[in-house]
Protein chains: 2
Amino acid sequence: MTKRYREIYEDLKNSILEGTVSPGEKLPSETDLCKRYGASRGTVRRALELLAKEGFVYSLHGKGVFVLENDLISFSVGGLVSFKEAAQASGKAFSTVVSRFAEVTIDEPLQKKTNLPLGKTAYQLFRVRKLEGENIILDINYFLKELVPGLTEEIAAASIYEYIEETLNQKIGFAKRVIQVEKATRTDKEQLDVKQYNLMAVVKNFVYLYDGTQFEYTESRHRPDRFIFTDFARRR
Amino acid sequence: MTKRYREIYEDLKNSILEGTVSPGEKLPSETDLCKRYGASRGTVRRALELLAKEGFVYSLHGKGVFVLENDLISFSVGGLVSFKEAAQASGKAFSTVVSRFAEVTIDEPLQKKTNLPLGKTAYQLFRVRKLEGENIILDINYFLKELVPGLTEEIAAASIYEYIEETLNQKIGFAKRVIQVEKATRTDKEQLDVKQYNLMAVVKNFVYLYDGTQFEYTESRHRPDRFIFTDFARRR
DNA sequence: CGGCATTTGTTCGTATGTATC
DNA sequence: AGATACATACGAACAAATGCC
């Protein structure tokens, strides 16, 4: 399939990012865009919807479609950016050390914490992220073994998600994310340079496959002074 | 206008929340839904897209549309929920006290903090949120006076957004949100029951009108033990 | 394996409603 | 009032994935 609406979306997005159309300006009307791209109105509107959802444009009934400032949104496209992702995007790569790789059985306290099914076996992973000489983030992962078979330390050091989606051909459906501030644990103090801080910023991820079964729990524990989380929300 | 797609969306959402259709089950096919609601396929699909975006259902090409577990998402519909919003939704209302209402000029440090234009006048508002006998959240707002004229303490105690959208007929476009952990300030300690905590979870909001002008900066400072932030993300 | 029905995904053309100027 | 522009809705066709026989 050609996915014409995506082509139009990409083309308009490029015009905006390259500055061919400037913030505040009006895009050509939908009917004009239909002529330009030789597409139907529905297809053009679908492209515009995509742009609006990502914050590049906004449309006003009866007036037109306008281009928004895009310096704000360039780094928040896709929804959510943690410090980790932001640092990686800016080129300051973390070095990552896998400090623990084990198999564990989900017992009751672990079930309560991870929401994974009781009695099942999971891979348990600790990964320490170092930036500018300091150990700043501790990632703790639990993957259900039966859903992610054959996971190795090498794969973990590379990209687990690539492995899941491309090698195992599993489709990731959705994730629930929770941010809280918690007391620093003994593990935090052992694995990280927590300095004087006794609290940690914690991002908890509950990740589900398309069929609604949870296969992962991940906890990302950040030293509070280096934690930042941004998002971009549209009204309506 | 009737907004048929919204009616269908609401009806299907209710069936899911009431348990008429259970998680894991397949919804009737799109053509069947067309017959049931007497609507076209495009309209039905639009309703289904809304449901998918909010995490109630997911659709698989060639198979059907399936209902997801919804206990997880019931409180995250709409994208983002702070502790404040969650507590309000659960009926545990906050009592709110406006502890400061003033006009200030945006000077350089304030410009840096709020991103509002230098030299302009803004309403400055402190609001303290009390839950279960403790002062837990300090909201600090700055509204540009020229864009929100006639704001009073009474309006502030009620709903500022209702005033902006309905009385002033201004349209709010989008918001950039940042979550960080910061040192507790003297103001925090004066206004809140911070207990032994010396850090605060801070949610900063930069809010823009549809035309791209910023009109508000809000900082919501939470005692870390009572802070929670959740979101729900779909893949692709 | 091919063939066929079912189901979702994409696109088109058209008509009508409603806000803005 | 009329022109323009976006919003909603309908109907039809074909593409692509799935499952069954």
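Convention: sequence-line order gives letters A, B, ...; per-chain numbering from 1.
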From the options dT8(D), dA5(D), dT8(C), select the nucleotide whose nearest atom is closest to the side chain of Lys3(B). dT8(D)
Once you round it to whole Å, what is the distance between [atom2] of [N] and [atom1] of [X]?
| X | N | atom1 | atom2 | value |
| --- | --- | --- | --- | --- |
| Glu30(B) | dA12(D) | CD | P | 17 Å |
| Arg4(B) | dC10(D) | CZ | P | 7 Å |
| Leu48(B) | dT7(C) | CG | C1' | 12 Å |
| Lys26(A) | dT20(C) | NZ | P | 14 Å |
| Leu60(A) | dT20(C) | CG | P | 8 Å |
| Leu50(B) | dA9(D) | CG | P | 11 Å |
| Leu27(B) | dT7(C) | CG | C1' | 13 Å |

Is a side-chain donor-acceptor pair under 3.5 Å present for Gln214(A) with Asn115(A)? yes
Side chain to side chain contact (heavy atoms under 4.5 Å, CB included) with Asn14(B): which residues, sequence neighbours excluded? Glu18(B)
With sequence neighbours left out, write down each residue that passes side chain to side chain contact (heavy atoms under 4.5 Å, CB included) with Lys26(A), or none if nothing qualifies. Phe66(A)
Please tell me if [X] has a side-chain N or O lying less than 4.0 Å from either OP1 or OP2 of [N].
| X | N | result |
| --- | --- | --- |
| Ser59(A) | dA7(D) | yes |
| Lys63(B) | dT8(C) | no |
| Tyr5(B) | dA9(D) | no |

Which residues satisfy the side chain to side chain donor-acceptor pair (under 3.5 Å) test with [X], sequence neighbours excluded?
| X | value |
| --- | --- |
| Arg36(B) | none |
| Lys204(A) | Gln180(A), Glu182(A) |
| Tyr123(A) | none |

Neighbours of DNA chain D within residues 33-46 of chain B, by heavy-atom distance under 4.0 Å: Gly38(B), Ala39(B), Ser40(B), Arg41(B), Thr43(B), Arg46(B)
Counting only heavy atoms not in Glu103(A) (residues, nucleotides, ligands), do more than 12 fall under 6.0 Å from its CD? yes
Check: His61(A) side chain, dA7(D) base, donor-acceptor under 3.5 Å: no
